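Basis for what follows: all heavy atoms, side chains included, without hydrogens, waters or symmetry-related copies. Start at 1 and go down the list; that is how both ligands and their atoms are numbered. In this chain, numbering begins with 1 at the start of the sequence shown. Predicted, not measured: the structure shown is a model, and the values here were computed from it.
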Amino acid sequence: MICRQRTGIPVETGAVVQDAVKTAGKNVYGKTTSAKKFEWTCPLAENDAVYGLGENTRGINKRGFRYTSWCSDETNHNESTQSLYGAHNFIIVRGKKTFGIFFDTPSRITFDLGWTDIHSITVSSETDGIDVYYITPEKQTKESSLCNIVRQFRTLIGTSYIPPLWGFGYQQSRWGYRTEKDVLEVRKQFRKAGVPLDGICLDIDYMEDYESFTIDKKKFPDMKKLSSDLKSDGIRLIPIIDAGIKIKDGYKVYEDGKKNGYFCKKTDGTEYCAGVWPGRSNFPDFTRKDVRAWFGAQYKNLTDAGIEGFWNDMNEPAMFYSDESLAAAFKKLESFSGKNLDINCFFDFCGTSGSTFNRLDDYKRFYNEVTLKNGRIAKRRHDTIHNIYGSHMTRAANEGLSAILPGKRTLLYSRASCIGSHRWGGIWTGDNKSWWSHILMELKMLPSLNMCGFMYSGADTGGYADDSSEDLLLRWTALGVFTPLLRNHSAWNTKRQEFYQFEHPQYFKSMMQLRYSLIPYMYSEYVQDALSGGMFIRPLAFDYPDDSRACHIEDQLMVCGGLMIAPVYEQNADGRMVYLPEKMTMVRWHAGKAEQTLLAKGDHYIEVPVSDIVFFVKHSALIPLCRPALSTDRLDTKHLTFLGNGIKYDLYEDDGFTTDIKTEGRIRRVRKEAE
Ligand code: MIG
């Protein structure tokens, strides 16, 4: 059961699709106060756990720390970080009473989950209107109450984005593929080594002067021909689109936006201007329907060249500086001139030029036009609706692409997000580092993302910033094989990290062969989970709620209906301890082949050389594998082999593109005997 409690007149965030919810009566948990500031508090008992918050740091059980939903450009994130690129305000409290709670607000909101006091939660926000949804688990369900709460929540927020089938293929990216030649080199290396590949991402260098929706003809003389050549080889191009629009006469997108008043404005009615890639830029007011329609239509410049996939970047929005913060920084720097820079001012001096980056006072300088939940249109200062800006850029792209390419799914993922945009696109988890701790961080983030509806997700595999090494990339890839979005991406000033830069390309080939063999199964599970509100990736606690050992495990995950993974995330490890909550089949994937061993419930030390992927199949499950191919459009699902001891599997299949997604008539029962 879901109940809603409304305070004030909230802004429409787009998160919720179902309005048939009861107004909160007695099915309310904790206490709400809303004198000036909204606050919700709830006591926690000794063994209670808190799950959720999607893209954020630290544990799967989030108890014991504080978090802030505030879409932030945060490459250097670590355990101290409280906000990342997405804002996902859903938590589940597991205790004597287990319930879910969703805070539907576009404003900054803080979650003190047993940080100040380990025995209580305090959630607070300075919003002037908020909808709080309380979710009580249904009685008598086959699944755990945790899964049931997520399922109800996902019904409330609507079906998660389903990418085209090729979005499950491998994507190679690098901020550094500058020209057509660079792209062709990537294809050559993959195809030469016989390693599967479905996508190559184009970062900002393909644009003219970093202007969104343009193509630099000097570097990419014939994008249409390039994309069609690559497509015939099963590879698609995925260009980046930036939120900030360069202020430049003669740049059509800017001129249109300016003429029609589509950019965010300050109180004096002039456009708000901040520096991003192209220098001084304006920011489309994505919370306006007409602006979304206009922006969405711009994608046609690239779809006309045969492009069918995009990634939307810098849409928190990230800002290097504003006119105001830049002027203040210069003034301050000047004031240091001729001074004796002692301890009292040297560090202040050092920090001054960096102080212009993503400032709260800058987010207070401009306005967005939003729709309120009573249907009225209103102006809101950006900082009060910050968390839905990026998600509405995804919405603009999704709606635009659906209109441009009707009946066809396109690939779309974004950096910033808010619950609601899980329906419009996927997300990658933003800039990370080539750190072992970031493998573990991704592992812990994935189930939380699934709770919040973000199923099509994954990290920059191998790490974005800093130099990667072969062992790190291999271990990270061994996790990535199980995430719907699997992309190797890195920054321009780091060591190249395509598999062919390293000593053992055959290890990557083997791992990609596993991925491609699993794609029909993963796709089938993904679509069925998206349609039914199931979680593609789950903490063990969600499948084995009565096993207290399983409930405390934070470095193993359940994936799809039938798999458990236990990735290695420590350098130089030769294996790891794995806990099996029931009897399972261990699969050792080595040199493109599976070796299966039945293991008893309990603890096992499993050796895992960097060349191998080891994972586990639930005792009752049967996992179909197809023969790997170089791209998803070449996968043959007629001939399947199987992992595990189950007897049958219901495989969902479609053409990989259709927008008419339904299971009727598309499920084929496959059995082991068919081998
Ligand atoms: O501030 O387009 O997260 O993936 O390579 C950097 C350049 C802007 C941030 C993205 C990253 C991308 C980079 N972008």
Closest heavy-atom pair and its distance - Gly244, Phe283: CA-CE2, 3.8 Å
Over all atoms of both residues, closest heavy-atom pair of Thr429 and Met445: CG2-SD, 3.9 Å
In terms of the angle between their ring planes, are [X] and [Y] parallel, tilted or perpendicular, with boundaries placed at 30° and 60°?
X      : Y      : answer
His386 : Trp70  : parallel
Trp428 : Tyr413 : perpendicular
His77  : His438 : parallel
Phe286 : Phe295 : perpendicular

Option whose closest heavy atom lies nearest to atom 12 (C) of ligand 1, chosen from Thr75, Thr429, Asp203: Asp203
Heteroatom distance test (Asp73, ligand 1): nitrogen or oxygen, under 3.5 angstrom: no
Residue [X] vicinity, atoms of ligand 1 by number, heavy atom under 4.0 Å:
X      : value
Trp311 : 4 (O)
Ile240 : 2 (O)
Met314 : 1 (O), 8 (C)
Tyr464 : 4 (O), 5 (O), 11 (C), 12 (C), 13 (C)
Asp431 : 3 (O), 4 (O), 9 (C), 10 (C), 11 (C)
Asp313 : 2 (O), 3 (O), 8 (C), 9 (C), 10 (C), 12 (C), 13 (C), 14 (N)
Trp277 : 1 (O), 6 (C), 8 (C)

Donor-acceptor side-chain pairing of Asp285 and Thr287 below 3.5 angstrom: yes
Nearest-contact summary for atom 4 (O) of ligand 1 - protein heavy atom, Å: His489 NE2, 2.9 Å
Check: His88 ring centre within less than 6.0 Å of Phe454 ring centre: yes
Mode of Trp428 contact toward ligand 1 - side chain, backbone, both, neither (heavy atoms, under 4.0 Å): side chain
